[in-house]
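Written out below as structure tokens is the structure these notes cover.
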Amino acid sequence: MNNPRRKFIKMGALLGVSSAIMPLQFCSPAKKEDEVQMETPEVSKSKLKDFGIQLYSVKDEMAADAKATMTALAGFGYSQFEGFDGGKGVLWGMKPAEFKSLTTDLGVKMVASHANVFDNLDAQAADAKEAGLEYLICPWIGPQKTIDEYKIIADKFNKAAETLKSHDLKFAYHNHDYTFVNLEGLVPQDLLIENTDPALVDFEMDIYWVHVAGFNPSEYLSKYPGRFKLCHLKDAEADKGDGEERGVLFGSGEIPFTKIVKESIDLGMEYFIVEQERFVGTNPMEAAEKNAAYLKNVFDY
């Protein structure tokens, strides 16, 4: 006759069943209170599987040799790129098919590019679609003088987004700090979000600019769940009274990325794009490499 205890233990081992849920007759005697050791369970953490870089972070290197620069960045661990128009167009003088072939060979997705979405948009969109982009992003509108002017901008966003949709592309707006400066008793960023079609217009949160404007990025994301699909990851040193120039390498500033990233994913954030524009004791390519290493090896949420 089989030993029922041995049979149960064997089954538990196969199924990964803990002895904590076995019948009492199979459990060891309880330890005395002074023998019990409290164990703190490890907190389950995740790392960003994919992250990108805004190529403006290495704008001089891109101007000198775009292909070599993009190859180096892919080697650092960036699996996504976001572009800008550095004077040679958002594809740096390459034909759309050539550009797509390059990013495919590098194993990188060209997610988006900052562009002038108010000029020649159909032609830009056709090239962007062929090159494999998903978004064209308005990077700058400048501070407007009145709320009515921001309403006009919101209408322009809706129209640009409709044009991009006809090319199977998406539209987004990238903020600076000026849309978080109170105007006529309102926050212009609120107005831009509330006066644009959520089915057409997405937003890219520049976490640095939201932070230095005095807003909590996590709280603002919670205010408009699902509207921010992309973000710029940038760190900032503590304010020393020298204005906006506070950008630093990841991990050496004060922005709480762990909290922001975790909460943003739950609120619809899809793309995390590294950007750095100020370099103290480093240079753009070195900073790009160090920031990638931080996200790969140190950062978790």
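Gln276 contributes a side-chain N or O that, together with a main-chain N or O of Arg278, makes up a donor-acceptor pair within less than 3.5 Å. A donor-acceptor pair is defined here as one N or O able to donate and one able to accept, closer than 3.5 Å; such a pair exists between the side chain of Thr163 and the backbone of Lys159. Here the side chain of Asp202 pairs no donor or acceptor atom with the backbone of Lys229 at under 3.5 angstrom. In this structure a side-chain-to-backbone donor-acceptor pair under 3.5 Å is missing from Glu82 to Gln80. A donor-acceptor distance shorter than 3.5 angstrom exists from the side chain of Glu149 to the backbone of Lys145, with no hydrogens or angles considered. A donor-acceptor pair under 3.5 Å is formed between the side chain of Asp235 and the backbone N or O of Gly251. Between the side chain of Ser264 and the backbone N or O of Ile260 there is at least one donor-acceptor pair closer than 3.5 Å. Checked by atom type and distance alone, the side chain of Thr71 pairs as donor or acceptor with a backbone atom of Lys67 at under 3.5 Å. The backbone N or O of Glu275 sits nowhere less than 3.5 Å from a side-chain atom of Gln54 that would complete a donor-acceptor pair. Checking side-chain atoms of Asp127 against main-chain N and O of Lys95 turns up no donor-acceptor pair under 3.5 Å.
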What's the verdict on salt bridge (charged side-chain N to carboxylate O under 4.0 Å, His left out) for Lys129 and Asp168, showing C-alpha distance, side-chain angles and the deciding distance?
CA-CA 7 Å; Lys129 182 62 180 177; Asp168 195 26; 3.0 Å; yes
Given side chain to side chain contact (heavy atoms under 4.5 Å, CB included), test Leu192 with Tyr173 step by step and report yes or no.
CA-CA 9 Å; Leu192 292 174; Tyr173 168 68; 4.0 Å; yes
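Under 3.5 Å, the side chains of Asn175 and Glu204 contain no donor-acceptor pair of N or O atoms. Using a 3.5 Å distance cut-off with no hydrogens or angles, the side chains of Thr196 and Asn158 do not pair a donor with an acceptor. Under the 3.5 Å distance criterion, with hydrogens and angles disregarded, a donor-acceptor pair is assigned to the side chains of His167 and Asp122. Between the side chains of Glu61 and Thr69, no donor-acceptor pair of N or O atoms lies under 3.5 Å.
Test Glu277, Glu237, Glu254 against Arg246 for salt bridge (Lys or Arg N to Asp or Glu O under 4.0 Å) and you get one pass: Glu254. Tested against Gln189 for a side chain to side chain contact (heavy atoms under 4.5 Å, CB included), the candidates Phe215, Tyr150, Phe180, Tyr178 yield a single pass: Phe180.
In this structure, the separation between NE2 on His174 and CH2 on Trp140 is 10.0 Å, given to the nearest 0.5 Å. Between the CG atom in Leu230 and the CE atom in Met205 there is a gap of 12.0 Å [rounded to 0.5 Å]. Interatomic distance, Met70 CE to Leu55 CG, rounded to the nearest 0.5 Å: 6.0 Å. Atom CZ of Phe250 and atom CG of Leu233 lie 5.0 Å apart (nearest 0.5 Å).
Residue Lys165 places its NZ atom among 12 or fewer non-hydrogen atoms of other residues, nucleotides or ligands, all under 6.0 Å distant. For Lys259, the NZ atom counts as densely surrounded, since its 6.0 Å shell holds more than 12 non-hydrogen atoms of other residues, nucleotides or ligands.
Applying the side-chain hydrogen bond (donor to acceptor under 3.5 Å, both in side chains) rule to Gln124 yields no partners; only residues at least two apart in sequence or on another chain are considered. With sequence neighbours excluded, the residues satisfying side-chain hydrogen bond (donor to acceptor under 3.5 Å, both in side chains) with Glu194 are Tyr224.
A salt bridge links Lys223 with Asp190: the closest approach of a Lys/Arg side-chain nitrogen to an acidic carboxylate oxygen falls below 4.0 angstrom.
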